[in-house]
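Working notes, beginning with the structure itself.
Please read all numbers here as calculations on a predicted model, not as lab measurements.
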Amino acid sequence: MDMEKLHQIKDEILQIQKTYEVFNEDTRLNRSQATRVEFLTTVRYIEQYLKPGDRILDVGAGAGEYSLYFARKGYRVCALELAENNLRAFRKKLRPEDRVEPVQGNAMDLSRYGDDSFDAVLLFGPLYHLHREEDRQQCIREAKRVCRPGGKLFFAFISNDMVILTEFSYRPDYFKVGDYDKETFRLEDFPFVFHTVADCREMLRKGGVHILREVASDGVSELLEDKINAMDQESYAQYLRYHFYVCEKPEFLGMSNHLLFVGEK
């Protein structure tokens with residue numbers, strides 16, 4: 001399916017399903033050193049808040065990168081994913097000893113899970129797709145409901161302001177013809193929904209989430225992909241240390257394709 005046909009789909013759930021027939025979530029976080037930056041950064045922050053035996057709910061689990069990582073570390077993981085393509089990719093990665101089974105479901109309805117039943121809840125996909133504010137708030141309410149008091153919530157967003165530069169890196173004429181408002185620099189919310197840092201803060205504030213950390217989870221890794229992928233292991237390790245050094249600095253926060261917000265119930 002091409003992007004024009006995808007754009008014509010009006011049913012939101014169907015459009016999400018079809019989006020992951022166009023975009024390969026299976027290899028997005030693991031295909032190179034550059035793409036691995038987001039995963040390594042996100043895991044680094046999650047692990048700061050976990051203790052042995054914790055229960056984790058991975059909502060919008062994609063192809064299972066985070067669920068499988070934490071399940072194989074001994075945590076009790078439940079995984080929920082909407083897109084069938086992602087579920088197929090997830091299930092192909094399962095080993096007989098893996099104690100996690102992905103189920104299909106919608107982030108706005110977590111009724112299969114009880115109140116206060118998880119120590120950590122991950123939402124690393126749903127807020128990429130929900131166009132309506134009331135749907136985003138429903139998603140946040142459900143995540144909070146199933147998280148125990150004092151538990152941690154981890155939200156991922158796609159950054160409006162950095163994506164403009166990323167698109168420019170692929171299309172030299174993007175500033176002239178790109179799908180964004182030429183006065184406000186707001187992107188068209190297709191095929192994903194984009195947010196500024198201020199948008200993210202306000203959304204979580206409305207949802208009653210106490211924000212603990214704000215992180216530029218992949219920084220400039222896509223813009224510098226070729227250079228990062230050409231690094232030897234010593235250089236790459238030092239690049240990661242630099243990235244971890246700057247990724248919470250306010251002056252770097254918006255310069256990242258993906259944003260990670262850590263919250264507390």
Side-chain angles (χ1 to χ4, degrees), residues 1-3 5-7 9-32 35-36 38-40 42-43 46 54-114 117-131 135-136 138-143 145-147 153-158 190-193 217-218 257-258 260:
M1 172 173 289
D2 60 31
M3 296 297 284
K5 289 181 180 177
L6 184 61
H7 209 326
I9 297 173
K10 301 306 179 186
D11 181 272
E12 194 167 80
I13 291 177
L14 180 59
Q15 189 181 80
I16 294 170
Q17 293 273 13
K18 295 298 183 182
T19 293
Y20 290 102
E21 293 178 11
V22 176
F23 292 89
N24 184 3
E25 184 65 18
D26 188 19
T27 61
R28 185 179 73 83
L29 293 168
N30 59 34
R31 68 176 182 267
S32 71
T35 63
R36 200 67 174 161
E38 180 188 348
F39 175 82
L40 294 172
T42 303
V43 164
I46 296 170
D54 273 356
R55 295 193 72 208
I56 300 170
L57 176 61
D58 190 359
V59 184
E65 204 74 8
Y66 293 103
S67 290
L68 291 170
Y69 175 86
F70 286 109
R72 290 167 184 173
K73 289 280 185 177
Y75 296 100
R76 296 174 293 165
V77 179
C78 293
L80 185 85
E81 170 58 34
L82 180 63
E84 294 172 2
N85 240 33
N86 291 343
L87 285 165
R88 282 193 290 271
F90 191 144
R91 290 179 178 129
K92 285 180 181 178
K93 296 176 183 177
L94 288 170
R95 303 170 186 166
E97 66 271 20
D98 286 331
R99 299 180 65 184
V100 55
E101 177 60 35
V103 297
Q104 188 167 32
N106 191 312
M108 293 188 294
D109 179 10
L110 303 181
S111 55
R112 68 177 66 233
Y113 308 114
S117 53
F118 294 93
D119 301 286
V121 180
L122 319 182
L123 288 102
F124 294 159
L127 296 172
Y128 297 179
H129 299 288
L130 298 175
H131 290 260
D135 291 344
R136 294 192 286 267
Q138 172 65 13
C139 178
I140 293 168
R141 279 194 299 273
E142 279 290 87
R145 180 185 64 78
V146 301
C147 187
L153 301 119
F154 299 84
F155 302 91
F157 303 92
I158 305 178
F190 174 82
F192 302 102
V193 178
S217 49
D218 54 356
N257 282 320
H258 295 86
L260 172 68

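Under the rule for a salt bridge (Lys or Arg N to Asp or Glu O under 4.0 Å), the partners of Glu65 that lie at least two apart in sequence or sit in another chain are Arg36, Lys93. In this structure, the side-chain contact (heavy atoms from CB on, under 4.5 Å) partners of Thr27, at least two apart in sequence or on a different chain, are Asn24, Asn30, Arg31. Annotation: ring pair (Phe, Tyr, Trp, His ring centres under 6.0 Å) contacts of Tyr69 (sequence neighbours excluded): Phe39. Scored by the side-chain contact (heavy atoms from CB on, under 4.5 Å) test, Asn106 finds Ile13, Met108 as partners (sequence neighbours excluded). Here Arg72 pairs with Leu68, Arg95, Asp98 under the side-chain contact (heavy atoms from CB on, under 4.5 Å) rule; sequence neighbours left out. With sequence neighbours excluded, no residue satisfies side chain to side chain donor-acceptor pair (under 3.5 Å) with Arg91. Residues satisfying the ring pair (Phe, Tyr, Trp, His ring centres under 6.0 Å) criterion with Phe124, sequence neighbours excluded, are Tyr66. Residues forming a salt bridge (Lys or Arg N to Asp or Glu O under 4.0 Å) with Glu84 (at least two apart in sequence, or on another chain): none. Arg141 meets the salt bridge (Lys or Arg N to Asp or Glu O under 4.0 Å) test with no other residue; sequence neighbours excluded. Residues satisfying the side-chain contact (heavy atoms from CB on, under 4.5 Å) criterion with Ala143, sequence neighbours excluded, are Val121, Leu123, Leu153. Residues passing the salt bridge (Lys or Arg N to Asp or Glu O under 4.0 Å) test with Arg55, sequence neighbours excluded: none.
Between atom CG of residue Leu130 and atom CD1 of residue Ile140 there is a gap of 9.5 Å, rounded to the nearest 0.5 Å. Rounding to the nearest 0.5 Å gives a distance of 9.0 Å between CZ of Phe157 and CZ of Arg136. Between atom CZ of residue Phe90 and atom CD of residue Glu25 there is a gap of 12.0 Å, rounded to the nearest 0.5 Å. Rounded to the nearest 0.5 angstrom, Leu110 CG and Leu80 CG are separated by 6.5 Å. Here CD1 of Ile158 is found 4.5 Å from NE2 of His258. Values are rounded to the nearest 0.5 Å. Note that the CG atom of Leu40 and the CG atom of Leu29 stand 9.5 Å from one another [nearest 0.5 Å].
The backbone N or O of Asn257 lies less than 3.5 Å from a partner atom in the side chain of Asp218, making a donor-acceptor pair. A donor-acceptor pair under 3.5 Å is absent between the side-chain atoms of Ser217 and the main chain of Thr42, judged by distance alone.
Side chain to side chain, Asn86 and Glu81 meet the donor-acceptor criterion of an N or O pair below 3.5 Å.
Scanning all heavy atoms of the two residues, the minimum distance from Asp119 to Cys147 falls at O-SG, 4.3 Å. Nearest heavy atoms, Tyr20 versus Ala83: CD1-CB, 4.0 Å. Residue Val100 comes nearest to Ala71 through the heavy atom pair CG1-CB, 3.9 Å, listed as atom of the first residue, atom of the second, then distance. Between Gln15 and Phe190, the closest heavy-atom pair is NE2-CE1, 3.9 Å. Of all heavy-atom pairs spanning Ala79 and Tyr113, the tightest one is O-OH, 4.3 Å.
Aromatic ring orientation, Phe70 versus Tyr75: perpendicular (interplanar angle above 60°, classes split at 30° and 60°).
Annotation: side chain of Arg88 is not in contact with side chain of Asp26 (no heavy-atom distance under 4.5 Å). Between Glu142 and Gln138, some side-chain heavy-atom pair lies under the 4.5 Å cut-off.
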Verdict with reasoning, His129 to Phe192, per ring pair (Phe, Tyr, Trp, His ring centres under 6.0 Å): CA-CA 6 Å; His129 299 288; Phe192 302 102; 5.5 Å; yes
Residue pair His131, Asp135: steps toward the side-chain contact (heavy atoms from CB on, under 4.5 Å) verdict: CA-CA 7 Å; His131 290 260; Asp135 291 344; over 6 Å; no
Review item, side-chain donor-acceptor pairs of residues 57-64, under 3.5 Å, at least two apart:
{"from": "Asp58", "atom 1": "OD2", "to": "Ser67", "atom 2": "N", "distance (Å)": "3.4"}
{"from": "Asp58", "atom 1": "OD2", "to": "Ser67", "atom 2": "OG", "distance (Å)": "2.6"}

